[in-house]
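Beneath this line is the structure, given in structure tokens, with notes to follow.
Any value given below was found using the heavy atoms of this structure, including those in side chains, with hydrogens, waters and symmetry copies removed.
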Amino acid sequence: MSKKDNGASLILAYLNEKNRPYSAQDVFCNLQKQHGLGKTAVVKAMEVLALEGKIKEKTYGKQKIYFADQAQFKDVNDADLKAMDCQISELSAEAQSFTQSCRQLEAELKELNSSLTTEEMVSEIQQLKSECCGQRTRLEKIKSATNHVTPEEKEKVYKERTIYVKEWKKRKRLASDMMNAILEGYPKSKKEFLEEAGVETDEDYKVVVPST
């Protein structure tokens, strides 16, 4: 395409190939990315082509529509039109079938990409076998141990824990009530009182009383 041509031959070939009406903006959008045509050049080229009679121009309000000169195309009879319609239907069905096949293949590809490779599967099996072996060894050690805790001993420990937790909560509540009573007549803050009295709280050591 020469500079003097300014894209006119390309536009003419495009309109003849598509054989449908376009505005200058449509042609610019369709050809600009691939061929780098400027909008001003496209508008000018289409106006020149229309003046030369190579394409046809129609004005609808403020918009101009351009299309190929239909005189250059041979007449099509009804039989040919029906044959074209049949061909279009066949091609549409074929395109739909290809689209469905592509979607199925894409789904299979996605599933395969998310699956482990043979090497990864072998490595994972070996790792799992090693973990199972370690768990078996640990289980045998636990079974062979002589210091098992009986259910009675376990129950006793839980009961004692419950008693100690309740006592802990009771004493914490009593201490809190005493401090609050003292602080009612104390001229300084609670923090200063605790520092002067040398009292260390559970919160100082981030200790939380168990729920039970």
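The shortest side-chain heavy-atom distance between F73 and N19 falls under the 4.5 Å cut-off. Contact annotation: the side chain of M179 approaches that of L194 to within less than 4.5 Å [non-hydrogen atoms, C-beta and beyond]. Inter-residue side-chain proximity for N30 and K18 is flagged as unmet; no heavy-atom pair is nearer than 4.5 Å. Using a 4.5 Å cut-off on side-chain heavy atoms (C-beta onward), I142 and R138 make contact. Annotation: side chain of E57 is not in contact with side chain of I55 (no heavy-atom distance under 4.5 Å). With a 4.5 Å cut-off on side-chain heavy atoms, D202 and W168 count as touching. R161 places a side-chain heavy atom less than 4.5 Å from the side chain of P210. Under the 4.5 Å side-chain criterion, counting only non-hydrogen atoms from C-beta, L37 is in contact with L10.
Placement of L116 and L128 in two distinct hydrophobic clusters is found when ILVMFWY residues are connected by side-chain heavy-atom separations under 4.5 Å, directly or transitively. Residues V165 and I163 are members of separate hydrophobic clusters, defined by side-chain heavy-atom contacts under 4.5 angstrom among Ile, Leu, Val, Met, Phe, Trp and Tyr. When hydrophobic clusters are built by joining Ile, Leu, Val, Met, Phe, Trp and Tyr residues whose side-chain heavy atoms come closer than 4.5 Å, directly or via intermediates, I182 is grouped together with V199. I65 and L15 fall into different hydrophobic clusters, defined by Ile, Leu, Val, Met, Phe, Trp and Tyr side-chain heavy atoms under 4.5 Å apart, directly or through other members. Following chains of ILVMFWY side-chain contacts shorter than 4.5 Å, one cannot reach Y14 starting from F67, and the two form parts of different hydrophobic clusters.
With sequence neighbours excluded, no residue satisfies ring pair (Phe, Tyr, Trp, His ring centres under 6.0 Å) with Y164. Considering only residues two or more places apart in sequence or on other chains, F193 meets the ring pair (Phe, Tyr, Trp, His ring centres under 6.0 Å) condition with Y186.
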Chi angles and distances behind the side chain to side chain contact (heavy atoms under 4.5 Å, CB included) call for K64, M46: CA-CA 10 Å; K64 292 182 179 180; M46 295 182 74; over 6 Å; no
Steps toward side chain to side chain contact (heavy atoms under 4.5 Å, CB included) verdict (K159, E155): CA-CA 6 Å; K159 287 182 178 180; E155 183 66 22; 3.4 Å; yes
Worked check of side chain to side chain contact (heavy atoms under 4.5 Å, CB included) between L31 and V42: CA-CA 9 Å; L31 299 180; V42 170; over 6 Å; no
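To the nearest 0.5 angstrom, Q87 atom CD is 11.0 Å from D80 atom CG. Rounding to the nearest 0.5 Å gives a distance of 12.0 Å between OG of S115 and NZ of K110. Residue C86 holds its SG atom at 11.0 Å from CG of L81, rounded to the nearest 0.5 Å. Between the CG atom of N180 and the CG atom of L183 there is a distance of 6.0 Å, given to the nearest 0.5 Å. Put simply, OG on S130 and CD on Q126 are 9.5 Å apart, with the number rounded to the nearest 0.5 Å. With values rounded to the nearest 0.5 angstrom, L105 atom CG is found 10.5 Å from L112 atom CG.
K172 has a carboxylate O that lies under 4.0 Å from a charged side-chain N of E203, or vice versa, which qualifies the two as a salt bridge. Salt-bridge formation is detected for the pair E167/R171: a Lys NZ or Arg NE/NH1/NH2 atom is positioned less than 4.0 Å from an Asp or Glu carboxylate oxygen.
Residues S189 and E192 share a closest heavy-atom pair of N-OE1, 3.1 Å. Annotation for A50 and Y66: closest pair CB-CE2, 4.0 Å, computed over non-hydrogen atoms. The shortest heavy-atom contact between K54 and L12 is O-CD1, 3.7 Å. Between E120 and T117, the closest heavy-atom pair is OE1-N, 3.0 Å.
With a 6.0 Å radius and a threshold of 12 heavy atoms from other residues, nucleotides or ligands, D85 has its CG atom above the threshold. Under a cut-off of 6.0 angstrom, the local environment of CD in E131 is crowded, with over 12 non-hydrogen atoms contributed by other residues, nucleotides or ligands. The environment of Q34 atom CD is sparse: at most 12 non-hydrogen atoms of other residues, nucleotides or ligands sit within 6.0 angstrom. The neighbour count for Q70 CD, taken as heavy atoms of other residues, nucleotides or ligands under 6.0 Å away, is above 12.
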Solution key, residues 90-100 side-chain donor-acceptor pairs under 3.5 Å, sequence neighbours excluded:
| residue | atom | partner | partner atom | Å |
| --- | --- | --- | --- | --- |
| S92 | OG | I88 | O | 2.8 |
| T99 | OG1 | A95 | O | 2.8 |

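Put simply, the side chain of D26 gets close to the backbone of S23: a donor and an acceptor are under 3.5 Å apart. At distances below 3.5 Å, at least one donor-acceptor pair connects side-chain atoms of D204 with backbone N or O atoms of T201.
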